[in-house]
Number of protein chains: 2
Amino acid sequence: MENKTNVTINDVARIAGVSKRTVSRVINGSDAVGKQTREHIEAIIKEVNFQPDKQARGLASKRSYLLGLIYDNPDALYIDQVQRGALEICANLGFELVVHPCQWENQDFIEDCLNFIGRSRVDGVLILPPVSESNLLAETLSKENVPYIRIASTDLEDSNNIVITKEREAMRELATHIVELGHKNVAIITGPMNYHSSKERLGGLTEVFSKHGVVIGPDNLIEGKNRYESGLECAKQLLTRSPRPTAILANNDQMAAGVIRAAFDLGIKVPEELSVAGFDDNIIASRIIPSLTTMRRPVEEISRLATQKLIRNIKPEPNASNKKITVTPYLITRESTSHVKK
Amino acid sequence: MENKTNVTINDVARIAGVSKRTVSRVINGSDAVGKQTREHIEAIIKEVNFQPDKQARGLASKRSYLLGLIYDNPDALYIDQVQRGALEICANLGFELVVHPCQWENQDFIEDCLNFIGRSRVDGVLILPPVSESNLLAETLSKENVPYIRIASTDLEDSNNIVITKEREAMRELATHIVELGHKNVAIITGPMNYHSSKERLGGLTEVFSKHGVVIGPDNLIEGKNRYESGLECAKQLLTRSPRPTAILANNDQMAAGVIRAAFDLGIKVPEELSVAGFDDNIIASRIIPSLTTMRRPVEEISRLATQKLIRNIKPEPNASNKKITVTPYLITRESTSHVKK
DNA sequence: TTAAAATTTGCCACCGGTGGCAAATTGTCG
DNA sequence: CGACAATTTGCCACCGGTGGCAAATTTTAA
């Protein structure tokens, strides 16, 4: 462990008996270096533990080796998973991750993001839902030539900068599960309907339900806010209606947890008298009693894919294919859903 | 919104009709600038939305305006709160936050951290528990002259670089609560006993219990791993012992959630037959049924304080006092604890 | 009024790398 | 074997700021 002094490129060059330009070429994997020269220099770099200064490199090459993570999501568990996935890729490719939470419904949010990008000099940004749904942000970044990747639920006509989670398809699977359990009287708590993702998820459900005679109308459809408290409140409304639904599907796990609490408070047994399902499979889904049937979104995997794509957008590799990336969540069946009682 | 072109210090200097050195002085708040010159330049900076390049600044001044966040904590909710607190301060003081999860029990963890610091050129690091308990890391950073702050539960003889959470005192409060509820047969699931924090929390509990005749011995003390699964397993052991404890105190909320699950699986009613308490007040504590009595750790506040202190250590202000910072968690009473039945 | 001191400001080198282009070296072929 | 092409390598300017020091200006003191 001799991390002591900061070795510079000049030191390496001097030791190797070459010019620093050649060392620079080696660092950057340029092909125009003789084989033995390269190996000699690489050995020395390893030996003296030379780590090129990101500041200087950035200044000269217009690259900071920093990635920004832009989000406005109350779900800490989701963010954490994204970070882990992204960092795994960053570590491999020599990037660092700078986090930037924001308020995407504020008026100055675009400016705030641009300022962040300007200040921090990140080479590109990863944009998480729901911020990823802002076409204005995407267009602005395009115009400013800032590489970005959006993680989102639909194509949004921006397919080269997006990783798509097929939420509509996922919800079809969930709806099928519910139909198979014999539920006819199903209620849905959607997310905020100005989110694409809420529309996609609802769409997937109703497609299947309508084919099987499960009617979704104003009486059993309610718009939630994706938070626990909101799920609690919406469920209290739904559960006092008559006829009482035998299943409630919430737009995410947080709200589903609220539904379970509401049922508990009203003395309604889950799943015997009420089936409940969520979306995300965040940690709460497996901790709550009864544990929650939900759609697992492989967040870490999505994040890894998105980060790779982002870095490839920043420094294009010739041989890399550039196809659209999609991921589909899948059903996790737990205690909160069961056959409807006759 | 005219973020378009990247304005440089030369542009500002030219527009203001001064040298860039003078503009630099204004940016850095040097006192050696004439009042009207300063105001003139400041106006122009605002007008053209000049944002000094962090790379260049860093290269020249040996400062990156980046802070590192080092942690190895499975609890995403805790990390998220820390980030929010830290970012609030960073935003005010012109810093960015770079995250670095690690495996502090790996052999090369010190080297890994040093490499991270070297690579990213962070100006200082915030170290979260349990990594903060590593005296070796702290000493190494001292030796390398890297500013750091540890968030930890005891003084660790490093008081100028530490923000202390008084966990022992907190646990006294919890123990008192349990004693007041009449419990005599109490079991404890500790954290890993090689963590200071686990010792502190256990110490606080036993201090109070021993004064009130509540005996803690091998029969009702078990070492957990701070995770849900561990709480589940430990509780299953404790709850099949005879006499069965009337209260189980877990070292954190994750394990307490496991205890509640174990009780549920064994048909033991909480809180009627068993009181349960945790530590942290993370989100799961209020979501679970029954909701969890716990000690709230004001994580965001702690993080803000730590970040401020860190930045002050990086660029010392003359008038800033430099006293020790401590925070004490406090009791949140919910559904999972009640009077012991006679 | 003038010299000396204090305050402001500007010049220039430098931080540690990268990029363009020319120079040096090696290889190829008639 | 010499001329020419291809491959390697080095020189030097530059990225956008900061720091030291001297120069210019203003203030104070005699």
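Source: prediction; values computed, not measured.
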Value in whole Å for how far the P atom of dG17(C) lies from NZ of K54(B): 21 Å
side-chain contact (heavy atoms from CB on, under 4.5 Å) between D80(A) and D80(B), worked out: CA-CA 7 Å; D80(A) 182 70; D80(B) 182 70; over 6 Å; no
DNA chain C: 5'-proximal contact among S61(A) and G17(B) (nearest heavy atom): G17(B)
Residue-phosphate contact under 4.0 Å: T22(A) side-chain N/O, dG10(D) OP1/OP2: yes
Phosphate OP1/OP2 of dG10(D) contacted by S19(A) side-chain N/O (<4.0 Å): yes
Phosphate contact (dG16(D) OP1 or OP2) by K62(A) side-chain N/O below 4.0 Å: yes
Spacing of K35(A) atom NZ relative to dT7(D) atom P, expressed in whole Å: 17 Å
Spacing between Q55(B) atom CD and dC15(D) atom C1', to the nearest angstrom: 10 Å
Chi angles and distances behind the side-chain contact (heavy atoms from CB on, under 4.5 Å) call for I302(B), I151(B): CA-CA 8 Å; I302(B) 292 173; I151(B) 294 180; 3.8 Å; yes
Whole angstrom value for the distance that separates P of dG17(C) from CG of L59(A): 12 Å
Nearest-Å distance for atom pair CZ/P, residues R14(B) and dG16(D): 13 Å
d(CZ, R57(A); P, dG19(C)) in whole Å: 10 Å
S24(A) side-chain N/O to dG19(C) phosphate OP1/OP2 under 4.0 Å: no
Touch class at under 4.0 angstrom, heavy-atom based, for R21(A) against every strand present: base
Minimum-distance nucleotide to I9(A) side chain [options: dG17(D), dC11(D), dG17(C)]: dG17(C)
Note, E105(B) side chain near N194(B) side chain (heavy atom, < 4.5 Å): yes
Short side-chain N/O contact to dT9(C) OP1/OP2 from T37(B), under 4.0 Å: yes
Candidates dG17(C), dG17(D), dT18(D) - which lies nearest the side chain of A56(B): dG17(D)
R25(B) (side chain) and dG10(C) (base): donor-acceptor pair under 3.5 Å: yes
Q36(B) CD to dT25(D) P, straight-line distance once rounded to whole Å: 15 Å
Phosphate-side-chain proximity, N28(A) and dT18(C), N/O vs OP1/OP2 below 4.0 Å: yes
R150(A): which of L126(A), L137(A), I162(A) passes side chain to side chain contact (heavy atoms under 4.5 Å, CB included): I162(A)
Worked check of side chain to side chain donor-acceptor pair (under 3.5 Å) between N106(A) and D112(A): CA-CA 9 Å; N106(A) 274 13; D112(A) 171 64; over 6 Å; no
Touch class at under 4.0 angstrom, heavy-atom based, for V18(A) against every strand present: sugar-phosphate
R38(A) CZ to dT9(D) P, straight-line distance once rounded to whole Å: 9 Å
Sugar-phosphate only, base, or nothing, as touched by K20(A) at under 4.0 Å among non-hydrogen atoms: base
Main-chain N/O of Y65(A) paired to D123(A) side chain as donor or acceptor, under 3.5 Å: yes
